[in-house]
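Please read the structure below before turning to the comments.
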Amino acid sequence: SLFQTQLPGILIGDFGKNEVIRFDIDRNGQPVFKESQKLVYDNALYDAVFINDSLYIADPKYMLIPSLYLLARGDSLPRKIWTYRNPNILDYSLDPDKGEVYASENHIVFCYSYKKQIDFMDTAFNLVKRVKFEYDDPTDITGDNYDDVKISYTRGYLGKRYFYAMFLGRSWKKHRENFTKGTFLEVFDLDGKKIIYIRIPEGTQLRRLNGRIWDRTHEGDIDITDNA
């Protein structure tokens, strides 16, 4: 698994060995092995995000009590726990409180997938700002209606100054029926203030840039040169 991080180089997780492997990038853009470290906590790598070289957050979504765990690499138990969703809903994908966590050296951001809500926190899970918009939040999600439920945020990125979130605003089923409506990029500062809102249209036409061929989908611009 490749981790999203602001740390230099590349971090890859080996789930079988419960190990983090770090690579630097040389001047030719090639990965160079730097170190590997085995983590002590058993469920350490599930959707982990790194705060710095030592501290990280694990999000084992299918644990008995699903929570975010703040750990250091040598910890056998979490330093702090933030329970963000209903432990009585075993299937994570059906929980109205489902979301994704992002982290940097000074911030944790939790971006919800069904609710139009983003929580901005410090690195001890203390809430700094909750940004919640008027939205028809789903409350009853099942395996039968899952594809018809309206989706809010699909993914995000936490930068040094801003948080970037992709907003869908319709179900995956309706999105597939009319994908040309595109998605929206919402940009927030790290105090939770919305800075800009941009529509990103999808298209049926391929694009060429710098000698590569790109296809625009709801997930962004995908390099399909080698498959074209």
| task | Quick one: pull up CE in Met121 and CG in Asn126 and give me the separation to the nearest 0.5 Å. | result | 9.5 Å
| remark: Paired with Tyr102, the ring pair (Phe, Tyr, Trp, His ring centres under 6.0 Å) test is passed by just one of Phe163, Tyr157, Phe120, namely Phe163
| remark: Here the gap from Glu186 atom CD to Ile198 atom CD1, rounded to the nearest 0.5 Å, amounts to 10.5 Å
| query | Between Tyr197 and Phe184, what is the ring plane arrangement, given parallel below 30°, perpendicular above 60°, and tilted in between? | reply | parallel
| said: Show, in sequence, the C-alpha distance, side-chain angles and deciding distance for Asp189 and Arg161, and conclude whether the salt bridge (charged side-chain N to carboxylate O under 4.0 Å, His left out) test is met. | reply: CA-CA 6 Å; Asp189 68 18; Arg161 297 178 58 194; over 6 Å; no
| How would you list, by chain and number, every residue that makes a side-chain hydrogen bond (donor to acceptor under 3.5 Å, both in side chains) with Glu100, sequence neighbours excluded? | none
| task | Using the test salt bridge (charged side-chain N to carboxylate O under 4.0 Å, His left out), find all partners of Asp148 that sit at least two apart in sequence or belong to another chain. | result | Lys173
| Pairs involving residues 26-47, ordered by first then second residue, that meet salt bridge (charged side-chain N to carboxylate O under 4.0 Å, His left out) (sequence neighbours left out) | Asp47-Lys61
| field | Donor-acceptor side-chain pairing of Thr142 and Asp144 below 3.5 angstrom | value | no
| said: With a 4.0 Å cut-off on N to O distance, would you call Lys174 and Asp147 a salt bridge? | reply: no
| Electrostatic pair Arg130-Asp119, nearest N-O below 4.0 angstrom | yes
| query | Listed by chain and number, what are the salt bridge (charged side-chain N to carboxylate O under 4.0 Å, His left out) partners of Lys193, not counting sequence neighbours? | reply | none
| message | Within this structure, what is the OG-NZ distance for the pair Ser171 and Lys150, rounded to the nearest 0.5 Å? | response | 9.5 Å
| request: Go through the structure and list residues passing ring pair (Phe, Tyr, Trp, His ring centres under 6.0 Å) with Tyr41, not counting sequence neighbours. | output: Tyr69
| With Ser104 via side-chain hydrogen bond (donor to acceptor under 3.5 Å, both in side chains) - residues at least two apart | none
| request: For Tyr153 and Lys116, test the side chains for any donor-to-acceptor distance below 3.5 angstrom and give the result as yes or no. | output: yes
| Do the two ring centres, one from Tyr114 and one from Tyr112, sit under 6.0 Å apart? | no
| field | Heavy-atom side-chain contact between Arg22 and Asp53 under 4.5 Å | value | yes
